[in-house]
Q: 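So that we are looking at the same thing, I have put the structure below in structure tokens.
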Amino acid sequence: MWPSGYHIFIFIVHLSSAASYKCDRTARVCETSLTVQHYLTMTHPVNSTVYPSRGKLYDYRVNDPSTSATVPVDDVITADGWEAKRLVIVVNRTLPGPDIVVYEGQTLIVHVTNSLASDSVTIHWHGLHQTGTPYMDGVPFVTQCPIAAGQTFTYEFQAYPSGTFWYHSHVGSQRTKGMFGALIILRNETNPIPEHILQIQEWNHNWDSDYGFEMMVYGLVENRTQFIPSESVDGTLFSLLKAHSGLINGRGRYYFNYETGSHNEAPLTVYKVKQGSVYRFRAIGVGALYPFRVSVDGHMITVIESDGFPIQPVTVESFIINPGERYDFTLVANQTIGNYWIRGRTLEMNRVTMAEAILRYDTAPENDPVTTRKECKVGDVCHVLNCPFQFYPASENIECIFFDQLRSTVPNDPAPEVVEGRFSEYFLNFFSEGMVNGKMFKFPSVAALSQPSAITTQCEKCKGMKMMQMCMCTHTLNLDADDTVQIVLSNIGSQAGMSHPIHMHGHSFYVLKTGFGKYNATTGRFLSQTEDLACLGSLPKEQNMCDEVIWANQSWRNGNIPGLELNNPPRKDTITIPGGGYVVIRIKANNPGLWFLHCHIEFHATHGMGLLLNESFANVPKAPPGFPTCSNFEKVSSANVDSIETNVFAADTLFSGNIFVTIFWIVVGVSAAVILSLIVALVIVLRSSRKAKTKGSFEAVACYHAEPR
């Protein structure tokens, strides 16, 4: 209570949030800055603490919102409007970070300053190939050293290809603490249609992501009650993550009761449209775990692009987007002037997690929509794109469209061909919550791309391990230059379960085929794993960790898989492996670098579900002048120096390539020179000894240890 006799004057000061950056179309070089820092939700930089009411924000000292001034929503990170503040890591004090919009072919320079008090950071430019600039990919201890507190790192690369991309931290769990933003690369085209950006995620307003990760590992128990994992449509279980709400562009609402519609009245993102116009929406999955099914009440949506590559348009009621994926769709504003719900609901069946935004026609009142979702009926079914399972329950009247059924519209872009002697096929089994082929990925303690000889965490120690054992190491797959590389991404074995969205750095791969397990067409429930793949070992697949996977039918080797789409396959950089199934992808190994291939469920990546593609390392360009290096500091005795040097050039080193052959011969040459010098010296000594002996000098006598009898 305020003392009687005092009048409260509340000054509402508007401080516009960090503006999006859009480069001039005629510019050759685009330059901007990002500052990474801690901040708090539900906090205004001047008016301090705020609370939500009727879709607006008010100073915490206001008792009657109906007669008081509002606090500008754009100046506050509201998240789901929960009044207890949560610590976030954000760029330029906004959630999401500022949009970066440039044109294809421009050079983008971004100065990133780490203003965190006690943490390092990097920024990954998700979806960009970084051709010729592999050091700019933003993966700590792979392509660069982390940016320490107080430091600035300048990223410079070409904006290519065009499409919907995003940037985010690649350190620990910072991404889902708020450290992300949209990166849009526009085509140089005349009269593009107006567009909006839609970034969708789940949200826990009590925990940050590090806390959530530890709860996933050690068990989630609240008030002596174990938290039951959420169940997907097909009956598989998601990892442990408690979501209170969903956000679109950093805004959402906390529902006290979904059935009654009772919520905290927090402000939402509003998309304004003009009746009769067509709009492009760029949807980005920025969440930690859950897939969202996205729809717009009263409107059909036409998906035209995924992960920056155009596809033949497909009109659907909704689409499913996973962490790391992007889908561009067009929407025709052809309905009665009013407000319509944009909905994103997770695939959780035993819980409701909903992200909401408002589609508002010009001149419509500023009210919440009262619209409902399309009713899916027999004879008027709902088509849903990108299902990670084969069926919805038949009673829901939903038909799935799978991603491998889509076709590319890029001219003259077939899948790379199988060429004898230049074709490689690899099987990578992603399972449990942090393993690929039985290995948990361990980051080296150096920047691997620029300090390869200092890596000591290679996987050679895993060679002697028995099947069904787990090994933690810097897991690497060596790719030869210009080979056609086919990778079978699978999710099978005793630890198979929920679907995994897999992201590849450095490439946009061709999606040739998706293989599912068996499902009940009536209930939609998962029944058994695919029969197309087999696991080495004596145990059946359901009891086998499947560290080594092969085709069940060996005639499928060398690209002879039935049902591959080779002429117009769609391209992506993030694809979902269905539980108990697989995806066949293909690339041309024409981008030298070290590229991380990993699950984009943040907890899984943190836990080790990934590996490095070591692509034609001998052809990697030199690091920029003055590029930072990093390492552990350990006191090493002189007796161990030789063994350490030997380990660097062990037979199973992390990398292979001409650069290491060259180093090998240099070492051999130097060693030969040393040995030759010693021989010459010995000859000289012997000659001197003979001369000295004739003059009655002392003759050295060799001492021998008697051999034991």
Q: Quick check: are there more than 12 heavy atoms from other residues, nucleotides or ligands sitting under 6.0 Å from CZ of Arg557?
A: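 No, the 6.0 Å shell around CZ holds no more than 12 heavy atoms from other groups.
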Q: Is the closest side-chain heavy-atom distance between Glu305 and Arg280 below 4.5 Å?
A: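 When only atoms from C-beta onward are counted, Arg280 and Glu305 do touch, with a gap below 4.5 Å.
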Q: Looking at Asp573, Leu597, Val436, which one forms a side-chain contact (heavy atoms from CB on, under 4.5 Å) with Ile502?
A: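 Answer to the side-chain contact (heavy atoms from CB on, under 4.5 Å) test with Ile502 among Asp573, Leu597, Val436: Leu597.
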Q: Can you find a heavy atom in the side chain of Ile575 that is under 4.5 Å from one in the side chain of Phe509?
A: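 Contact flag for Ile575/Phe509 side chains = yes.
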Q: Other residues, nucleotides and ligands only: do more than 12 of their heavy atoms fall within 6.0 Å of NZ on Lys588?
A: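 It does: Lys588 NZ has more than 12 such atoms within range.
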Q: With a cut-off of under 6.0 Å to the ring centre and 45° to the axis, is Arg345 in cation-pi contact with Tyr258?
A: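 Checked: cation-pi criterion not met.
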Q: Indicate whether any N or O donor in one side chain lies under 3.5 Å from an N or O acceptor in the other, for His600 and Thr574.
A: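 Short answer, no.
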Q: Hey, are Arg343 and Asp297 close enough for a salt bridge, meaning a charged N less than 4.0 Å from a carboxylate O?
A: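 Judged by the 4.0 Å cut-off on N to carboxylate O distance, Arg343 and Asp297 do form a salt bridge.
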Q: Tell me the closest heavy-atom pair linking Arg293 and Tyr392, and the distance in Å.
A: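 Answer, listing the atom of Arg293 first, then Tyr392: CD-OH, 3.7 Å.
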Q: Please confirm whether the ring centroid of His503 lies under 6.0 Å from the ring centroid of Trp166.
A: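 No: the rings miss the under 6.0 Å criterion.
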Q: Verify side chain to side chain donor-acceptor pair (under 3.5 Å) between Glu433 and Ser239, making sure each step is shown before the conclusion.
A: CA-CA 8 Å; Glu433 292 174 327; Ser239 293; 2.8 Å; yes
Q: Step through the shown structure and confirm whether more than 12 heavy atoms of other residues, nucleotides or ligands are within 6.0 Å of CD on Glu417.
A: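 Atom CD in Glu417 is not packed in, count stays at 12 or less.
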Q: Could you walk me through whether Tyr327 and Asn386 satisfy the side chain to side chain donor-acceptor pair (under 3.5 Å) test, starting with their C-alpha distance in whole Å, then the side-chain angles of each, then the deciding distance to 0.1 Å, before giving a yes or no?
A: CA-CA 10 Å; Tyr327 282 95; Asn386 197 37; 3.2 Å; yes
Q: For atom OH of Tyr160, decide whether the heavy atoms of other residues, nucleotides or ligands shown that lie under 6.0 angstrom number more than 12.
A: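 No, the 6.0 Å shell around OH holds no more than 12 heavy atoms from other groups.
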Q: Is the distance between the ring centroids of Phe319 and Phe329 under 6.0 Å?
A: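 Ring centroids of Phe319 and Phe329 are less than 6.0 Å from each other.
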Q: Checking Phe431 against His500 for the ring pair (Phe, Tyr, Trp, His ring centres under 6.0 Å) test, could you report, in this order, the C-alpha distance in whole Å, the side-chain angles of both residues, the deciding distance, and whether it holds?
A: CA-CA 9 Å; Phe431 58 91; His500 294 286; 9.2 Å; no
Q: Go through the steps for Cys459 and Cys471 under the test disulfide bond (SG atoms under 2.5 Å apart), then give the verdict.
A: CA-CA 8 Å; Cys459 289; Cys471 181; 5.7 Å; no
Q: Taking atom CG of Leu241 and atom CD of Glu602, what is their separation to the nearest 0.5 Å?
A: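 Output value for this atom pair is 10.0 Å.
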Q: I'd like to know if the side chain of Thr353 pairs up with that of Glu202 as donor and acceptor (distance under 3.5 Å, no hydrogens or angles considered).
A: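 There is no such pair (donor and acceptor under 3.5 Å, judged by atom type) between the side chains of Thr353 and Glu202.
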Q: Taking the side chain as C-beta and beyond, is there a heavy-atom pair between Pro570 and Val511 under 4.5 Å?
A: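 Of all side-chain heavy-atom pairs linking Val511 with Pro570, at least one is under 4.5 Å.
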Q: To the nearest 0.5 angstrom, please state how far the CE atom of Met545 sits from the OG atom of Ser432.
A: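 Nearest 0.5 Å value for the CE-OG distance: 7.0 Å.
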Q: Check Arg253 with Asp80, please: is the shortest side-chain N to carboxylate O separation under 4.0 Å?
A: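 Looking at Asp80 and Arg253, the cut-off is not met.
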Q: Taking C-beta and beyond as the side chain, do Gln130 and Thr143 meet within less than 4.5 Å on heavy atoms?
A: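 A side-chain contact under 4.5 Å is absent here.
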Q: I'd like to know whether His598 forms a ring pair (Phe, Tyr, Trp, His ring centres under 6.0 Å) with His505, so could you lay out the CA-CA distance, the side-chain angles of the two residues, the decisive distance to 0.1 Å, and finally the verdict.
A: CA-CA 9 Å; His598 63 97; His505 294 216; 5.2 Å; yes
Q: Just so I know, are the side chains of Asp99 and Gln199 near enough to count as touching, which here means a heavy-atom distance under 4.5 Å?
A: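 Asp99 vs Gln199: side chains touch.
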Q: Quick one: are the ring centres of His196 and Tyr271 less than 6.0 Å apart?
A: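 Ring centroids of His196 and Tyr271 are less than 6.0 Å from each other.
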Q: Going by heavy atoms in the side chains, are Leu95 and Phe180 under 4.5 Å from each other?
A: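 They are in contact (side-chain heavy atoms under 4.5 Å apart), so the answer is yes.
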Q: May I ask you to check whether Phe526 and Phe389 place their ring centres under 6.0 Å from each other?
A: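 So the answer is no for these two rings.
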Q: Should Asp404 and Lys572 count as an ion pair when the cut-off is N to O under 4.0 Å?
A: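 No.
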Q: Determine the minimum heavy-atom distance between Ile321 and Ala283, stating which atoms define it.
A: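 Nearest heavy atoms, Ile321 then Ala283: CD1-O, 3.7 Å.
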Q: Flag yes if more than 12 heavy atoms outside Glu542 fall under 6.0 Å of its CD atom; otherwise flag no.
A: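 Atom CD in Glu542 is crowded, with more than 12 foreign heavy atoms closer than 6.0 Å.
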Q: Please test Glu317 against His383 for side chain to side chain donor-acceptor pair (under 3.5 Å), starting from the C-alpha separation and ending with a verdict.
A: CA-CA 6 Å; Glu317 179 268 344; His383 290 96; over 6 Å; no
Q: How about Glu195 and Ile184: do any of their side-chain heavy atoms sit closer than 4.5 Å?
A: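 Yes, side chains in contact.
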Q: Taking the ring centre of each residue, are Phe441 and Phe596 less than 6.0 Å apart?
A: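 Yes; Phe596 has its ring centre under 6.0 Å from that of Phe441.
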Q: Show your reasoning for whether side-chain contact (heavy atoms from CB on, under 4.5 Å) applies to Arg586 and Val418.
A: CA-CA 10 Å; Arg586 201 178 279 184; Val418 175; 3.8 Å; yes
Q: Between Leu359 and His299, which heavy-atom pair has the shortest distance, and what is it?
A: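 The answer is CD2-CE1, 3.7 Å.
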Q: Output yes when a side-chain donor or acceptor of Glu615 lies under 3.5 Å from a complementary backbone atom of Asn591, and no otherwise.
A: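 Answer holds: yes.
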Q: Begin with the C-alpha distance, continue with both residues' side-chain angles, and end with the deciding distance and a verdict on side chain to side chain donor-acceptor pair (under 3.5 Å) for Thr476 and Asn614.
A: CA-CA 6 Å; Thr476 307; Asn614 173 32; over 6 Å; no
Q: Measuring only between side-chain heavy atoms, which start at C-beta, is Leu611 closer than 4.5 Å to Lys439?
A: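 No, their side chains stay 4.5 Å or more apart.
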